[in-house]
Amino acid sequence: LAGAALSGMHQFSLHHNSIKPLILNHVKVTLIAEVDTDPHLTTPKVVGSYLKAPTTTFQAQSISINGSRVRVPLRMSFTHDFKATPGSVFQTDVELVASSEKKVAAIAIARGNYQILHDSNQLERITDQIRSSFKSVVGRFAGDGASLIPGLVIGDTSLQSQVFTQQMRRVGLTHLTAVSGENFAIISAFFLFLCLFSQLVSNCLFQPQSLFAFGGSCLFFQICLHRN
């Protein structure tokens, strides 16, 4: 009951905030925001009688809009390629439109250039490199089964086709790629397997204090690694 109440309050705050007049009036604004998830280039698709060009989408957290401090989650949509890692701060002119997505307050459509104000920190760059390398290795294998692996391990569904994603939703299996205890178990088991190669580590790993530290380290790494 408490969870349902908090979820309802969150949804209400997303759709009743200071940017709602900007959405209704279709006002173009200057946005400064921080990248939350990996930018993903969509594939071209047919809409009606024309071909819709690919766009770069990702989730971002606004910092300011037209110079005023506003903190709301947004779904960014660039009509051109966007090169930045999670944690980077950028500035661009956008048009805010309503969104049916439950995680964001609006869609911010950017058609012009953007400026990177701050790069991501060292830890975020390292985890981004790990995610990119992992997806690059998996991307060498064809088929929907291979595209499911990043979702199972790090919660990344960017390699999955739209048709495959719809099929997953239809049969109720989208929870497999959600960041959950399953992902944590896979990553923990992987690190435990590596640690067993070291005799010194394996001798002290199964002490209560060591297990607690090991579990905490894996959880911290999982939080840094996952970007949904």
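Because only heavy atoms are used, hydrogens play no part in the values below, and waters and symmetry mates are left out as well, while side chains stay in.
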Let me have the donor-acceptor pairs involving side chains of residues 76-85, under 3.5 Å, with sequence neighbours excluded, atom names and distances please.
unit_1: H80; atom_1: NE2; unit_2: G112; atom_2: O; d: 2.5
unit_1: D81; atom_1: OD2; unit_2: K83; atom_2: NZ; d: 3.3
unit_1: T85; atom_1: OG1; unit_2: S120; atom_2: OG; d: 2.6

Q: Any chance you could lay out the salt bridge (charged side-chain N to carboxylate O under 4.0 Å, His left out) test for E95 and K28, step after step, and finish with the verdict?
A: CA-CA 5 Å; E95 179 184 347; K28 195 171 185 179; over 6 Å; no
Would you say [X] and [Y] are hydrophobically clustered, going by side-chain heavy atoms of ILVMFWY under 4.5 Å?
| X | Y | value |
| --- | --- | --- |
| F90 | L117 | no |
| I116 | V35 | yes |
| I23 | V72 | yes |
| F58 | Y114 | yes |

Spatial distance of atom [atom1] ([X]) from atom [atom2] ([Y]) [nearest 0.5 Å]:
| X | Y | atom1 | atom2 | answer |
| --- | --- | --- | --- | --- |
| S68 | I63 | OG | CD1 | 14.0 Å |
| T56 | H40 | OG1 | NE2 | 9.0 Å |
| I32 | Q61 | CD1 | CD | 14.0 Å |

Using modelled atom types and a 3.5 Å cut-off, is there a donor and acceptor pairing between side-chain atoms of [X] and backbone atoms of [Y]?
| X | Y | result |
| --- | --- | --- |
| S62 | S64 | no |
| T92 | N113 | yes |
| T37 | Q59 | yes |

Q. To which residues is I109 joined in a hydrophobic cluster, defined by side-chain heavy-atom contacts under 4.5 Å among Ile, Leu, Val, Met, Phe, Trp and Tyr, whether direct or through other members?
A.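 Members alongside I109: V97, I107.
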Q) Which pair of non-hydrogen atoms, one from I19 and one from A105, has the smallest distance, and what is that distance? A)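 Scanning both residues completely, I find the closest heavy atoms to be CD1-CB, 4.0 Å.
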Q: State, to 0.1 Å, how close L74 and A108 come at their nearest heavy-atom pair, and which atoms those are.
A: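 Shortest heavy-atom separation between L74 and A108 comes out as CD1-CB, 4.4 Å.
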Q: Apply side chain to side chain contact (heavy atoms under 4.5 Å, CB included) to T30 and list each qualifying residue two or more places apart in sequence or on a separate chain.
A: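 Expected list: N66, Q91, D93.
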Q | Contact check, side chains of V94 and V29, non-hydrogen atoms, under 4.5 Å | A |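 Yes, side chains in contact.
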